[in-house]
Each structure stands twice: as structure tokens, then as C-alpha cells.
Amino acid sequence: MSEKKRIMSVFGTRPEAIKMAPLVQALHGHPQIESLVCVTGQHRDMLDQVLTIFSITPDIDLNIMRFNQDLTSITTRTLEGLAPVLAEYQPDLILVHGDTTTSVSAALAAFYQKIPVAHVEAGLRSQDPYSPFPEEMNRCLISRLARLHFAPTESNANNLRQEHIQGLIEVTGNTVIDALLSMVYDAYTFQHPLLSDFNFAAGPAILLTAHRRENFGQPIYNICQAVRRLLQDHPSLRVIYPVHPNPQIQEPVRDYLEGVQRLNLIAPLDVQEMHNLMARCTFVMTDSGGLQEEAPALGKPVLVLRTETERPEAVAAGTVEVAGVEEEKIYQSAHALLTDPQKFDRMAMAVNPYGDGHACERIVACIEKWAGIRT
Ligand code: UD1
Ligand code: UDP
């Protein structure tokens, strides 16, 4: 009997953890794979929330997070932390996800030790190196470092082909749908006191999130102002805003929105609460990448609080609109969704360009083939 292949999944932030969790579970159960998990801890509390929900215990935890950290610190602490770990464990393959600084640093650390890298959620592109920043450059660099590229959609795979990226490119769907489908159900009861008592039938409820670096400063102020006006003009509207812990977001959001009536500023929700809230809200306003994939699958319109998106599939399908970061445009886009039933119905079709919930199976099958594992 041949030796097991040692595969190390490396991740550090909430969205990576959510999207890697179902894959880690599949790898953990594989008879011919020794599956290891190394977390950088780029996020601490938000990462741990996800690990708990999915019952994943990391084998290695670099615990790198610092209050109000900068990109250089995340990069250097990940590189320095991973070098001895990779040297000790000598994995046959490492898996990284998406576009965070954990992911690009882990891919580089593996490259320095000539360890092959597989990239989950490969090929997304905005074509603007500064938006999202630094994520667009991070994912371009990972594409150059990786040998296996798991693209959620055909258009993501085409982006890689156009850049002449080397290695195996496979369209697998997005693992976020695998995670989402395991979380949402009609009889779900919320743990959060606000949500367990919330009457979703009493009027529209917007789910709001914002955290992107390029929205720090004036854009976050514009978003808050637009939300204040919407609440003033729509007396039955409620807004639920789980606020990202980044001080660059916490401070302005508390300054501009604390005490506004029918606006609920709450701590980040765990992923199951979040997915079930998304399934029950009226629509979503967000600068998040993951929410742009999840909400369309649940039939919820999304207003993207950014100037572009690297996820054009749901825009083309009509469920996602890029509302920008100017107060007036954001206000008008949301106001239209609240007052124009035809627009709302057009956007509220459930479409799911991101997969059928079997992305992890396809990824595992590719890894088996690449590693010469016979099942
Ligand atoms: C990171 C990713 C971004 C991703 C986002 C998901 C990079 C460059 N950015 O950005 O792509 O969309 O995660 O949320 O990789 N903090 C806590 N507790 C936590 C997490 C964060 O207190 O659990 C605070 C800390 O003060 C930390 C700060 O938030 O320094 C910023 O975290 P960081 O990972 O640097 O940036 P994000 O904006 O979260
Ligand atoms: N999410 C969560 N709790 C929250 C906010 C978001 O569980 O309070 C989930 C969300 O459903 C999605 C992921 O976190 O699965 C997205 O993370 P985030 O918006 O932080 O990052 P991005 O996707 O923009 O990189």
C-alpha cells in the first residue's frame, strides 16, 4: 500500500475559512490523504467562529493577528511563521484560497521550498490592480505561483487561459455554495437575541456589510449617509449591520450611525446565523465578495458598494447591481428596490452561477488525479 499524500490547507481569514471548511472536511475523510490544517490567524475571533461551527481543529496556528495590522506585518509574519512549518511537515501539496494576504504569502512560502500549490477560487479578476486592494494583485500573484487552479466559473478559467497561466486549470464551482447549502434551512432558530425576536414580516429589512480597504474614509461615510437617508424616508425599514472588527470600520461606523433608529449595529455573526439571516432579509447591501455569491443563490438582490466587481456572473444574471460608493447613487439604487416591485422581482430571481454544491468533490477528484491516488 502506497504512503498517504500529505496535503496542508493554509488559511487565515473568515471568508477563506468558510470556503475551505467543506474542502477540509472532505480531505479529512479521505483514506489516502493525510490532511493537515495550518491557520495563520490573520483573523482571530472571526476565524475561530468558523472553525467552531465546522468543528475544525488546526494542526498549526501561527496566531499572527495584531490590532489594526498592516499588509507588511501580515506578509512577513506569515512568511516567517510558515517557513519552519513547511520545512518540518514537508507537505506534498498546499492549498490556499482566494486573494488574501495570508493566501499569497503562504503560496510564496511554499514556492520558496518548491512545494506545489493549489489555488482554490482561482481566476477572479477586476483588471484593476488597486481595486480591490490588495486582493486583485494577490490573486494574480497566486496564479503565477500555483500549479493547480480551481476556477469557480468558466469565465474565471478563461481569465487564467488569457494570462497563459501554467498548470492544470479546472472549473469546479465555488465551495461557498457547498458551505451555504449545509447551513440554511426553513426551521432554523437564531441564537442572536436581536434575530430570534426579529419580525421579518413587519417590513423590509436590509442586511448591510462593509469592510474593504478601498472604502476606508470618504466611501464609508457616503455609505452611512445613504443608509441614514433610507431609514428617514422609509418608516418601516430596518437595517441589520454586523460591523467588521477592523478599527478603520468600527470607528467611523459608530460615529456616523450609533443611535440611528431602526438601524441595528451588531457584532460579526457566526456563519450559520449570517447565512440564515441572508435567507430571510429583503435585500443585501455590501462590499463583500462572498455575499455577492451567496445572496443570489438565496434569491436576494445585492447592491454592491464598490465601483467594480470581479464577480460579473450575477450582474449578468440581473441579481447583483454595482451601486458604487457615492451617497446619491447608493440611495437611489436602494430606494428603487424598496419602491419599485418590478425592479425588485427582476433582481430577486434565485440564480446560482457559482456552483451546485459539489465543488469540493470536483477539487478532491482533481487532487487525486494529480497525485496519482487510485480510489
Ligand atoms: C481581510 C482580507 C480581505 C477580506 C477580509 C475578510 C487582506 C489584505 N484582506 O481584510 O481580502 O475580504 O479579510 O473579512 O488579506 N480584526 C479583529 N478580529 C478579527 C479580524 C480582524 O479584531 O477576527 C481587526 C484587527 O484589528 C485587524 C483588523 O481587523 O488588524 C484588520 O484585519 P485584516 O485581516 O488586516 O483586514 P480585513 O479588512 O479583515
Ligand atoms: N459573514 C459572516 N458573518 C458576518 C459577515 C459575513 O459569517 O457577520 C460571512 C459571509 O456570509 C461570507 C463571508 O463571511 O461567507 C464573507 O466574508 P467577508 O465579507 O468578511 O469577506 P470577503 O468575502 O469580502 O472576502
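Worth saying up front: this structure is predicted, and the values here are computed from it rather than measured. We count ligands from 1, going down the list as the structure has it; atoms in each ligand are counted the same way.
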**Item:** Nitrogen or oxygen of Gly289 less than 3.5 angstrom from that of ligand 2
**Value:** yes
**Message:** How far is atom 21 (O) of ligand 2 from the closest protein heavy atom, and which atom is that?
**Reply:** Pro15 CG, 3.4 Å
**Item:** For Val271, atoms of ligand 2 separated by under 4.0 Å from a heavy atom
**Value:** 7 (O)
**Salt bridge present between Glu154 and Arg161 (N-O < 4.0 angstrom)** = yes
**Prompt:** Does the ring centre of His335 sit less than 6.0 Å away from the ring centre of His234?
**Reply:** yes
**Asked** Does Arg229 make a cation-pi contact with Tyr331 (under 6.0 Å, within 45 degrees of the axis)?
**Response** yes
**Item:** Gap between atom CG of Leu108 and atom CG of Leu82 - 0.5 Å precision
**Value:** 10.0 Å
**Prompt:** With only distance considered, is Lys19 within less than 3.5 Å of ligand 2 through an N or O on each side?
**Reply:** no
**Request:** Look at atom 8 (O) of ligand 2 and say which protein heavy atom is nearest, naming residue and atom and giving the distance to 0.1 Å.
**Result:** Leu269 N, 2.9 Å
**Message:** I'd like to check which ligand 2 atoms, numbered from 1 as shown, lie under 4.0 Å from a non-hydrogen atom of His275.
**Reply:** 11 (O), 15 (O)
**Request:** Please go through Phe67's hydrophobic cluster and name the other residues, only I, L, V, M, F, W, Y counting, with side-chain heavy atoms under 4.5 Å joining them.
**Result:** none
**Asked** Where does the angle between the aromatic ring planes of Tyr188 and Phe190 fall among parallel (under 30°), tilted (30 to 60°) and perpendicular (over 60°)?
**Response** perpendicular
**Asked** Taking distance alone, with no angle check, do Ser288 and ligand 2 share an N/O pair under 3.5 Å?
**Response** yes
**Request:** May I ask you to list the atoms of ligand 2 that are less than 4.0 angstrom from any heavy atom of Met278?
**Result:** 11 (O)
**Request:** Inspect the surroundings of CD in Gln127 and state if more than 12 heavy atoms from other residues, nucleotides or ligands are less than 6.0 Å away.
**Result:** yes
**Request:** Find all atoms of ligand 2 within a distance of less than 4.0 Å from any non-hydrogen atom belonging to Pro242, and give their numbers and elements.
**Result:** 8 (O)
**Prompt:** Does Glu308 pair with Arg306 as a salt bridge, N-O distance under 4.0 Å?
**Reply:** yes
**Asked** Counting both backbone and side chain atoms, is some N or O of Pro268 under 3.5 Å from an N or O of ligand 2?
**Response** no
**Prompt:** When you check the gap from the basic side-chain N to the acidic O, do Glu310 and Arg139 get nearer than 4.0 Å?
**Reply:** yes
**Asked** Can an N or O of Gly290 be found at a distance shorter than 3.5 Å from an N or O of ligand 2?
**Response** yes
**Min side-chain heavy-atom separation Pro204-Leu338 under 4.5 Å** = yes
**Message:** So which atom in Ala26 and which in Val364 form the shortest heavy-atom distance, rounded to 0.1 Å?
**Reply:** CB-CG2, 4.0 Å
**Message:** Side chains of Thr153 and Asn156: any donor to acceptor distance under 3.5 Å?
**Reply:** yes
**Within the protein, residues bringing a heavy atom under 4.0 Å of ligand 1, chain by chain** = Thr13, Pro15, Gln42, His43, Arg44, Asp45, Met46, Met65, Arg66, Phe67, Asn68, Gln69, Leu71, Ile74, Thr100, Thr101, Pro134, Glu135, His211, Arg212, Arg213, His244, Pro245, Asn246, Pro247
**Asked** Any heavy atom of Arg212 sitting closer than 4.0 Å to ligand 2?
**Response** yes
**Asked** Between Arg14, Arg306, His43, Glu294, which one has a non-hydrogen atom sitting closest to atom 4 (C) of ligand 2?
**Response** Arg14
**Asked** For atom 9 (C) of ligand 2, what is the nearest protein heavy atom, given as residue, atom name and distance?
**Response** Ile18 CD1, 3.6 Å
**Identity and distance of the protein heavy atom lying nearest atom 1 (N) of ligand 2** = Met274 CG, 3.6 Å
**Fill in**
Going by the 4.0 angstrom heavy-atom rule, the piece of Leu291 near ligand 2 is side chain
**Message:** Checking side-chain contact (heavy atoms from CB on, under 4.5 Å) between Leu208 and each of Ile240, Ile223, Thr286, which is the one that passes?
**Reply:** Ile223
**Message:** One thing to verify: whether Arg311 and Glu121 come together as a salt bridge, which I'm taking to mean a side-chain N less than 4.0 angstrom from a carboxylate O.
**Reply:** yes
